[in-house]
Amino acid sequence: MKKVLLVEDDSVTRTLLKRMIEGFEYDVTEALNGKIAWETLCSGESFDLVVTDIMMPDMDGRELLHLMRVDDRFYEIPVVIVSGELDKNMLSRIAEEYPEYTRFQEKPVNKAALYNAISSLEDPLS
Amino acid sequence: MKKFNALIVDNDMASRMRLKQTASSVVEFGAVTLLSTPAEAISALTLSTPIDVVFVSWRLGPDVIRPFIQKAKETSQGQDAAYISVMKSASEGNASVAQVMMDGADGILCEPFSVDQLVEITRLSTKVRGERYESRERAALSLLIPDILKQLDLVAHIKSSGLAPETSLKVLRELCQRVKDRDERSHVIYYQIALNAFENAPVPHFEAKTKNYGGVSSRVKKRMEQKMQRDLSGKV
């Protein structure tokens, strides 16, 4: 079973996303913010995909994505960014900075759209 | 010389005035505030004025003194104040003295008392108070400083890899502010713990594993070219 690291500070959204992703037959590991997610990645546990929020305490999604993209170990892990309406400025910056292996999904998340985003990342150039 | 700011909690006016006059006659004491009830004292201990010592009269009764000291130790100024129980006479038995100590008092002053006795017991009690304050600050800073070091490493790492950190820098500022907000007395403890933590801090392990983002990888670039060729040949 493929493994997903789900990064979301809001517990309700995190639970909903977890259920959705588990429905796609992924094994989900939860992290409450970017810093915990980063520590989880650095601990050596491997993941096939990261689904992350943008605005979070301690470390935001942009910083997490940046750290992943400049690190040989996590460089090619696909990332789906789920974000609210207010995060659009940050989203456009991320889209410019890290187009590779990255998809965006607006909140509230639609199950089919999330599935499509994840599927497209499994083979982004097919 | 640091002066002791004191609260006197006594429901007998003549008695509390006597203590205030004695305290005011020696240079060791600064502001001395008179209060007649524990409730007034609790209010005073929640204000921003530092209180070094609280004199609690035996006249309030043991059923009042014990909960008062417990509650007072939960207030901002009362948590590190020294509590001195003012007892009826030096002929009080050991059991009474033990009870007073169990009630949370740091020292005992027996009526009638001399100026020298007052100063001596205040010195001793505030010394106990200082040790209590120091051990609490030491514990708090020992937890806080390693967090600051870790956050500092993280911010440095993000910056050195080409991104201006926002949230991480904000978190670092908040952590540093917590040190800044501590009382001036904590600075010596801070320097001791900080120097020790810096000396023993490991070299950040992530530096060697990172690279600057240089666009798409060669593998992806090759696949993009292949896809483009497929698309082009499809159109033809």
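Within every chain, numbering begins at 1; the chains are lettered A, B, ... in the order of the sequence lines, protein sequences first and strands thereafter.
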Report, as yes or no, whether the 6.0 Å neighbourhood of atom CZ on Arg19(A) holds more than 12 heavy atoms from other residues, nucleotides or ligands. no
Please check if atom NZ in Lys71(B) has more than 12 non-hydrogen atoms from other residues, nucleotides or ligands closer than 6.0 Å. no
Output yes when a side-chain donor or acceptor of His66(A) lies under 3.5 Å from a complementary backbone atom of Ser161(B), and no otherwise. yes
So with a 6.0 Å cut-off around NZ of Lys3(A), is the heavy-atom count from everything else above 12? yes
Gap between atom NZ of Lys35(A) and atom OG1 of Thr167(B) - 0.5 Å precision: 11.5 Å
Looking at Glu63(A) and Ser168(B), would you say the former's side chain and the latter's main chain have a donor-acceptor pair under 3.5 Å? yes
CD of Glu45(A): more than 12 outside heavy atoms within 6.0 angstrom? yes
Rounded to the nearest 0.5 Å, how far apart are NE2 of His157(B) and CG of Asp71(A)? 6.0 Å
Identify which part of Glu174(B) has an atom lying under 4.5 Å from any heavy atom of chain A, answering side chain, backbone, both or neither. neither
